[in-house]
Amino acid sequence: MSSPPTEELIKQWESEQEQLRQQVVEEDTEDWQKSPGFSGLKRVGGADLSFIKGDEVNACAQLVVLSYPDLTVLYEDSQMVTLTAPYVSGFLAFRETPFLLEALQRLKTTQPTLMPQVVFVDGNGLFHYREFGLACHLGVLSGLPCVGVAKNLLQVQGVFKDQQHQSQIAALQKGGDSFPLTVASGKVLGKALRSYDKSSKPVYVSVGHKISLETAVRLTHSCCRYRVPEPIRQADVRSREYLRIHFPATDA
DNA sequence: GCGACAG
DNA sequence: ATCTTGTCGC
């Protein structure tokens, strides 16, 4: 529902995240990931949900598959869904994952040959309070390689959005430049990436599943025509267009 | 009480 | 997430 979750549910969610966390694979598992030019990579996916203004429960779940390296849309699926979980920072996956899995299932059933070899997810992967964000959740439950790309910095385990961070951003000179997001333990959980030359605001890339951080960053850069990687951008554009057409704004 | 808060 | 047009610049 839209009401805040009980302490009990939060504890259950944390427990589920800690359980599934152990199944995340943080290394490259596919041959194309080891190739300098990603030779062998043909299809990249993007997933996103768009909402109607002022509506907490109805949304459009979107899955797109693009060709690589052309980045042409090969497949598109828009589906209205009714959300059951509220948005709580750190628990985004419990709100969105079920519908993204359903979309992948529809693809598997109707166009199995278009199944993406990697999925870009709008949100974090390992760069998360319990190292198990949306991209990890979708990755583990689907078994597909996933990359998390967040548009805003989540302040995790000692990574702050302070003056230091701002100066590191200012030091990113060109598309592809990045700096590590190192948490208190010393582990690098993600990277801030200047996704293309003209963008001064970085995106935050982290491992979802079955891919290394270095490969995730290199792949993300190679999928950026604009600031947001094309698979996610197309999913966003098309789900919002779907809502615009099917649920036109009502005048007061 | 105050700040933080992926989408 | 969403509220929102024009405008400056390459």
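The figures that follow rest on heavy atoms only: side chains count, while hydrogens, waters and symmetry mates do not. Letters A, B, ... mirror the listed sequences (proteins, then strands); counts begin at 1.
Base contact: A:L134 has a heavy atom under 4.0 Å from a base atom. At the heavy-atom level, A:G90 lies under 4.0 Å from base atoms of the strands shown.
Put simply, A:K151 has no side-chain N or O that comes within less than 4.0 Å of OP1 or OP2 on B:dA6. At least one side-chain nitrogen or oxygen of A:K161 sits closer than 4.0 Å to the OP1 or OP2 atom of B:dC5. Distances shorter than 4.0 Å separate none of the side-chain N or O atoms of A:N152 from OP1 or OP2 on B:dC5.
Note: CG (A:L243) to C1' (C:dT4) measures 17 Å, nearest angstrom. Rounded to an integer number of Å, the gap from A:D162 CG to B:dA4 C1' is 14 Å. Atom P of nucleotide B:dA6 and atom CD1 of A:I232 are separated by 15 Å, given to the nearest angstrom. One interatomic measurement links the two molecules: CG of A:L49 to C1' of B:dA6, which rounds to 13 Å at whole-angstrom precision. For the pair A:Y242 OH and C:dA1 P, the interatomic distance rounds to 20 Å; values are reported in whole Å. Put simply, CD on A:Q155 is 14 Å from C1' on B:dC2, counting in whole angstrom units. Taking atom CZ of residue A:R225 and atom P of nucleotide C:dC10, one finds them 23 Å apart after rounding to whole Å. Rounded to an integer number of Å, the gap from CD of A:Q157 to P of B:dA6 is 16 Å.
A salt bridge links A:R244 with A:E241: the distance from a Lys NZ or Arg NE/NH1/NH2 to an Asp or Glu carboxylate oxygen falls below 4.0 Å.
Taking atom C1' on both B:dC5 and C:dT2, the two are 16 Å apart, rounded to the nearest angstrom.
A:V65 is not listed as a side-chain neighbour of A:V44, based on a closest heavy-atom distance of 4.5 Å or more.
In this structure, A:F179 has its ring center under 6.0 Å from that of A:H165.
Taking the ring centre of A:F38 as origin, the terminal cationic atom of A:R218 falls inside the region bounded by 6.0 Å and 45° from the ring axis.
Comparing C:dT2, B:dA6, B:dG7 by their nearest atom to the side chain of A:S89 picks out B:dA6. Closest to the side chain of A:Y129, from the set B:dC5, B:dA6, C:dC3, is B:dC5. In this structure, the nucleotide among B:dC5, B:dA6, C:dA1 sitting nearest to the side chain of A:L92 is B:dA6.
For A:Y87 and C:dA1, the ring-to-base geometry does not satisfy the stacking test (centroid distance below 5.5 Å, interplanar angle below 30°).
No hydrogens or angles considered: a donor-acceptor pair under 3.5 Å links the side chains of A:R130 and A:Q17.
Of the two residues contacting DNA chain C, namely A:K198 and A:D236, the nearest-nucleotide position lying further toward the 5' end is that of A:D236.
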